[in-house]
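The structure appears below as structure tokens.
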Amino acid sequence: MTVPLDYADPAKGTTRVAVARIPATAPGRRPLGSLLLNFGGPGNRGIASLAADPKAFAELGERYDLVAFDPRGVGLSSPVSCGGNQQTGDDVPEDAASQLAALRAVAQRCALHSGPVLPYIGTVNVSRDMDRIRQALGDRKLNYLGFSYGTRLGAVYAAQFPKTTGRMVLDGVDTLSEPLAEQALVSARGQQRALDNFLTWCAHQNGCVYGTNTRTAREKIEELVERLDARPLTGTDGTHFTGQDAVGAIGAALYSKTLWPDLAEALARVERDRDPAALKELGNPPEEETDDGPAKIPEDNGEAALTAVNCADDPDRSNDEATPHAIAQEIHDLEAEFRRTSPVFGPGQLMTVLSCYGRPAGTDFIRRIDRPGAPRMLLVGTRGDPATPYEWTEETARRLGSAVVIDYKGEGHTGYTASACVRGYVHDFLTGGRLPAGTRSCPAGE
């Protein structure tokens, strides 16, 4: 479908948004219209995600047409790119002025390779696109299921279009109020909590490479990262595997408790055999095969869209006017806090503080969301979530003012696919309109 680039000034042109639908499957039962899904990101391709695993939503698909879309700038919808990656390069001097100049150059490269959609990417405009999708589908109200970043998108829709908000479920709830630096710190804390939970689990398994003492296990993980950064391992394909590669792989495996046995085995192979292959595979799972026809989607599209959306959603850009010395001092001052929060994940999360340097300031609309008057909705928060900590669920519920919370006591990122209890509450609401009166709990270990 065709939508305006700029809703405030439609004369600036249009862009295309790709939408796909799986019709409701149950014959003879009253259909409920469409259920729009967003699988997170920012930068995740909605159409490919639904195509990869439609069975996960088969029960909802009996009564609803399941509808997925690639948000503007993503996948089949005018994909943005930074010409390969957003790295500044290894030859940039380490002084602050040079590093910041390199970040500005990256931002300019992204603008050059992305085309006219880049200045109009971001959650506020994607929410407006969602209302156009609702109209095109012929639905009076938007029924919606969003995961991770998709919860930010759902909350923004409810704030912009409260009167056309239908049954809405947000799982793995994002923050609406915290600046990027605070988001990074909370994320590091959530990742460390999930890692500690994994190490406690591992200590109770036969043959855990780090033994039965969780305190020393944590120290050994930290030592592994430092050792691999100092002396990277070489894989069978000749590529180097660094400590930061290990951090990325561990973080990815913590998204689902079903991956914990694989993570334990991969860490054992690194420690005992100096073989990084299994850990590397956890950090770079094979992509699902999808048929995109003649479309050419840049390899860096997901990464480029992630940064572009997060920056468009963040109004804080005070560091853009600061001197390189002041910014270097700011990072130095934050470093101790990030390392104290998580020696493993803190350093990497700290660098996201500069991810928007050289880009224009984003909207403050999301920060100002305060009880927009949308109908009651359902929020799902997972206690062991490494990506969207449970405290964000409670915070966003207060900001929306109309939310019922499901407190899932389990591990991993989001609860819908992990917990039959969570799915029960979600299905009761989406198909029957039934919501509990207040917060409800779902147990771990189902």
Side-chain angles (χ1 to χ4, degrees), residues 6 8 41-43 71 73 80 82 86 88 96-97 99-108 110-111 114 118-127 148-149 151-153 155-156 159-160 173-191 303-339 341-342 345-370 372 387-389 391-392 395-396 398-400:
D6 183 354
V80 296
C82 293
Q86 297 179 78
T88 56
Q99 291 288 328
L100 294 173
L103 286 169
R104 278 187 174 277
V106 169
Q108 292 169 357
C110 296
S114 293
L118 184 63
Y120 308 103
I121 203 170
T123 301
V124 169
N125 276 333
V126 175
S127 167
S148 194
Y149 161 74
T151 68
R152 188 197 314 171
L153 187 52
V156 169
Q160 286 185 305
V173 184
D174 203 352
T175 180
L176 302 178
S177 60
E178 293 176 349
L180 284 176
E182 187 60 29
Q183 288 182 44
L185 188 64
V186 173
S187 293
R189 187 179 301 121
Q191 288 178 301
E303 180 188 12
L306 171 73
T307 302
V309 172
N310 282 337
C311 294
D313 289 357
D314 182 32
D316 296 329
R317 211 68 88 244
S318 58
N319 61 3
D320 212 27
E321 290 96 38
T323 65
H325 174 76
I327 296 171
Q329 186 62 48
E330 178 187 0
I331 297 299
H332 180 268
D333 293 343
L334 288 170
E335 184 174 10
E337 184 177 10
F338 272 76
R339 285 191 177 276
T341 298
S342 174
F345 299 105
Q349 287 287 357
L350 174 60
M351 297 320 297
T352 64
V353 173
L354 289 178
S355 61
C356 297
Y357 188 82
R359 299 174 187 249
T363 178
D364 67 347
F365 178 87
I366 300 171
R367 299 276 179 85
R368 293 186 286 106
I369 293 175
D370 183 20
T388 51
E391 52 261 40
W392 284 355
E395 168 213 304
T396 298
R398 289 192 296 269
R399 295 284 300 280
L400 292 172

With the side chain counted from C-beta on, respond yes when Thr341 and Leu185 share a heavy-atom pair under 4.5 Å apart, and no when they do not. yes
Pairing of Asp316 and Arg367 as salt bridge, 4.0 angstrom limit: yes
Set of residues satisfying side chain to side chain contact (heavy atoms under 4.5 Å, CB included) with respect to Leu306, sequence neighbours excluded: Pro42, Asn310
Asp6: what forms a side chain to side chain contact (heavy atoms under 4.5 Å, CB included) with it, not counting sequence neighbours? Ala8, Asp9, Lys12, Tyr120
Which residue, Asp174, Val156, Thr396, Thr388, forms the side-chain contact (heavy atoms from CB on, under 4.5 Å) with Thr151? Asp174
Would you mind reporting whether Arg359 and Cys110 have side-chain heavy atoms less than 4.5 Å apart? yes
Test item: side-chain donor near acceptor, Thr175 and Glu395, under 3.5 Å: yes
In terms of side-chain heavy atoms, does Gln160 have a donor or acceptor partner in Ser127 at a distance below 3.5 Å? yes
Heavy-atom side-chain proximity of Arg339 to Pro347 below 4.5 angstrom: yes
Testing the basics here: between Cys356 and Leu180, what is the closest heavy-atom pair and its distance to 0.1 Å? SG-CD1, 3.4 Å
Closest approach of Ala308 to Ile121 (non-hydrogen atoms, all atoms of both residues): CB-CG2, 3.7 Å
Passes side-chain hydrogen bond (donor to acceptor under 3.5 Å, both in side chains), Trp392 versus Glu178? Steps please. CA-CA 10 Å; Trp392 284 355; Glu178 293 176 349; 3.0 Å; yes
Ser177 versus Arg399: any side-chain heavy-atom pair under 4.5 Å? yes
Smallest separation among heavy atoms of Ala305 and Gly43, with atom names: CB-CA, 3.8 Å
May I ask you to test the Arg152-Leu176 pair for a side-chain heavy-atom distance under 4.5 Å? yes
